[in-house]
Amino acid sequence: MSLDAVLSRIDADLGAATDRLLTFLRIPSISTDPAYKGQVSEAADWLVAELGQIGVDATAHKTPGHPMVVGHGGEGGRSLLFYGHYDVQPVDPLELWDRDPFDPAIEDTPKGKVIRGRGASDDKGQLMTFVEACRAWKAVHGTLPARLTFLFEGEEESGSPSLVPFLEQNRDLLAADLGLICDTALYGRDTPAITTMLRGLLGEEVTVTGPSRDLHSGSYGGPAMNPIRVLAKVLAGLHDLQGRVTVPGFYDDVEEVSEQVSQQWDALGFDAGSFLGEVGLSSPAGEADRSALEQIWARPTCEINGIKGGYAGAGFKTVLPSQASAKISFRLVAAQDPLKIRESFRQMVRDAMPPDCTVEFHGHGAAPASRMDISDPAFEAARKALSGEWPKDAAYVGAGGSIPVAGHLQQILGIDSMLIGFGKGDDQIHSPNEKYDLESFHRGMRSWARILDAIS
């Protein structure tokens, strides 16, 4: 009955909650542009005031960059840390927006009402689903549902330069049993998800040097080694005919998906043909014995992101170049060690160098994958709670990309996180005309109330 009262309060206060979100969206908290430094601080102060209204003791902590908002409230039960970010992406190109990006409004669309404005989905709307769920809980019960720590970052959209130092310097302030992160999306319009796997990332730039200068191919073609030829052979050899990566030891620490999770993924009915068809493709090109969904969420990859060498301008130049380079990225899973993969890859390339060619490497980041321990009963309790709110049952899913904060909370604070978000694939985050479905905002608040009731 107590949960029903909270849900009813959320329903009754939807208009007021939406107005508060619109007020928040009017603050142009663009973290990457120094011209908006004052507005980013304004957004942090706004959050401090909002948290204060629900009995949370909150402070905007100074950092070398933008403030970190930290708040504490509630007592008893499990200690939970909720993370969100209040900064937003720049709005360029402004001419592609249908309205002022910081003059948000409710719009009717063929798919229902949406909240239109920069930050509506990423991440102000998502962040406020949790705050508003707590507000309703406090109004009904006079207290919060658990020992809650709120951590709101102001630099996520500009690379989070202050986040790791802040976590390291404030371990006691941020101590918790479990993290909650609301910066992800639904699996489908009616299917909620808890993201439990996040791939890591390793970037490498390779430069092969042959002759001491560019050469005329008529004079030197034949006896002179061409660095593009060498590099092309290396790149072509990174995958075998079955789509597997050939870097020695690449799969040593890759784990198989559990039967429980595999069955949930099968039940999602993912259509690889439709997924690829949206971008003009038709056939999965990864490991031949793995489904497309498994390739995206649970398998490591090696991709060539760019190649440079010789002359590629208008017309033709018969040059034999001195250098050729390529940018290569690896998405990593499970226990794969990015530094181990880096050294194995580099040695493989060194071994492929013929006489008269040398190779240099430049690393571009090395972040391990994150995998959450779903044996914690809170995960299944949260999944069932989510399933009670949406038309279709919630599923544990993976993410092909990376959400670094989840790994930082694991490595620095020692806690796993539930990544639960209510965005949709057409929210146009980072693009003009960003929106957040009003249904997502409403159901998101109700979802958090159900989850807090189930796990606190």
Side-chain angles (χ1 to χ4, degrees), residues 10 13-54 56 58-60 65-69 71 82-109 112-136 150-158 182-183 421-424 426-442 444-445:
I10 289 172
D13 286 353
L14 176 59
T18 303
D19 287 343
R20 283 188 287 269
L21 174 56
L22 293 174
T23 298
F24 192 20
L25 293 174
R26 292 187 186 103
I27 305 173
S29 50
I30 303 173
S31 62
T32 192
D33 188 341
Y36 291 88
K37 181 176 178 63
Q39 288 90 336
V40 178
S41 293
E42 180 186 350
D45 292 339
W46 187 90
L47 283 170
V48 169
E50 288 298 307
L51 291 176
Q53 290 181 9
I54 60 174
V56 174
T59 302
H66 299 298
M68 294 280 182
V69 175
F82 178 83
Y83 166 90
H85 67 89
Y86 64 88
D87 63 320
V88 300
Q89 280 276 322
V91 297
D92 307 275
L94 187 60
E95 65 272 13
L96 296 183
W97 285 81
D98 295 334
R99 62 178 301 110
D100 183 337
F102 295 111
D103 180 24
I106 307 298
E107 294 181 4
D108 288 308
T109 75
K113 291 182 181 296
V114 304
I115 304 166
R116 185 81 66 187
R118 174 57 89 220
S121 178
D122 185 22
D123 183 45
K124 289 181 177 178
Q126 304 255 50
L127 180 159
M128 289 301 289
T129 58
F130 189 84
V131 173
E132 295 295 347
C134 291
R135 190 191 306 273
F150 299 79
L151 173 60
F152 298 146
E153 183 190 1
E155 297 180 341
E156 196 273 348
E157 300 291 10
S158 53
C182 195
D183 194 12
F422 309 103
K424 294 181 178 178
D426 60 358
D427 279 351
Q428 297 171 249
I429 63 173
H430 294 202
S431 299
N433 300 312
E434 180 179 352
K435 60 88 175 170
Y436 194 38
D437 284 18
L438 191 60
E439 178 196 33
S440 286
F441 185 52
H442 187 192
M445 291 185 279

Looking only at the side chains, is there a donor atom on one of [X] and [Y] sitting less than 3.5 Å from an acceptor on the other?
X: Glu434; Y: Gln428; value: no
X: Ser31; Y: Lys37; value: no
X: Asp87; Y: His66; value: no

Are [X] and [Y] packed together at the side-chain level, in the sense that at least one heavy-atom pair is separated by less than 4.5 angstrom?
X: Arg118; Y: Ile429; answer: no
X: Glu153; Y: Val69; answer: no
X: Gln126; Y: Tyr436; answer: yes
X: Ile115; Y: Leu438; answer: yes
X: Val131; Y: Phe152; answer: yes
X: Leu127; Y: Cys182; answer: no

Looking at every non-hydrogen atom in both residues, tell me the closest pair between [X] and [Y] and how far apart they are.
X: Pro104; Y: Gly117; value: CB-CA, 4.5 Å
X: Ser29; Y: Lys124; value: OG-NZ, 3.0 Å
X: Cys134; Y: Phe150; value: SG-CZ, 4.1 Å
X: Thr32; Y: Pro90; value: CG2-CG, 3.4 Å
X: Ile30; Y: Gln89; value: CG1-O, 4.0 Å
X: Val88; Y: Asp122; value: CG1-O, 4.3 Å

Original post:
Using 4.0 Å as the upper bound for N to carboxylate O, is an ion pair formed by Asp426 and Lys435?
Top reply: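 Looking at Lys435 and Asp426, the cut-off is met.
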
Original post:
Salt bridge or not for Glu50 and Arg135, using N-O below 4.0 Å?
Top reply: yes

Do any N or O atoms from the side chain of [X] and from the backbone of [Y] form a donor-acceptor pair under 3.5 angstrom?
X: Thr129; Y: Phe441; result: no
X: Asn433; Y: Leu96; result: yes
X: Asp427; Y: Lys424; result: yes
X: Arg99; Y: Asp103; result: yes

**OP:** Please determine which of Asp108, Asp437, Thr18 meets the side chain to side chain donor-acceptor pair (under 3.5 Å) test together with Lys113.
**Re:**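 When Asp108, Asp437, Thr18 are each tested with Lys113, the side chain to side chain donor-acceptor pair (under 3.5 Å) holds only for Asp108.
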
Subject >> Summary of ring pair (Phe, Tyr, Trp, His ring centres under 6.0 Å) pairs that have at least one residue in residues 85-108, sequence neighbours excluded >> reply: none

**OP:** Start with the C-alpha distance between Met128 and Met445, add both sets of side-chain angles, then the distance that settles side chain to side chain contact (heavy atoms under 4.5 Å, CB included), and finish with yes or no.
**Re:** CA-CA 8 Å; Met128 289 301 289; Met445 291 185 279; over 6 Å; no

Original post:
Parallel, tilted or perpendicular for Phe82 and Phe130, by the 30°/60° rule?
Top reply: parallel

Give the table of side-chain donor-acceptor pairs shorter than 3.5 Å for residues 39-49, with sequence neighbours excluded, one pair per line with atom names and distance.
none

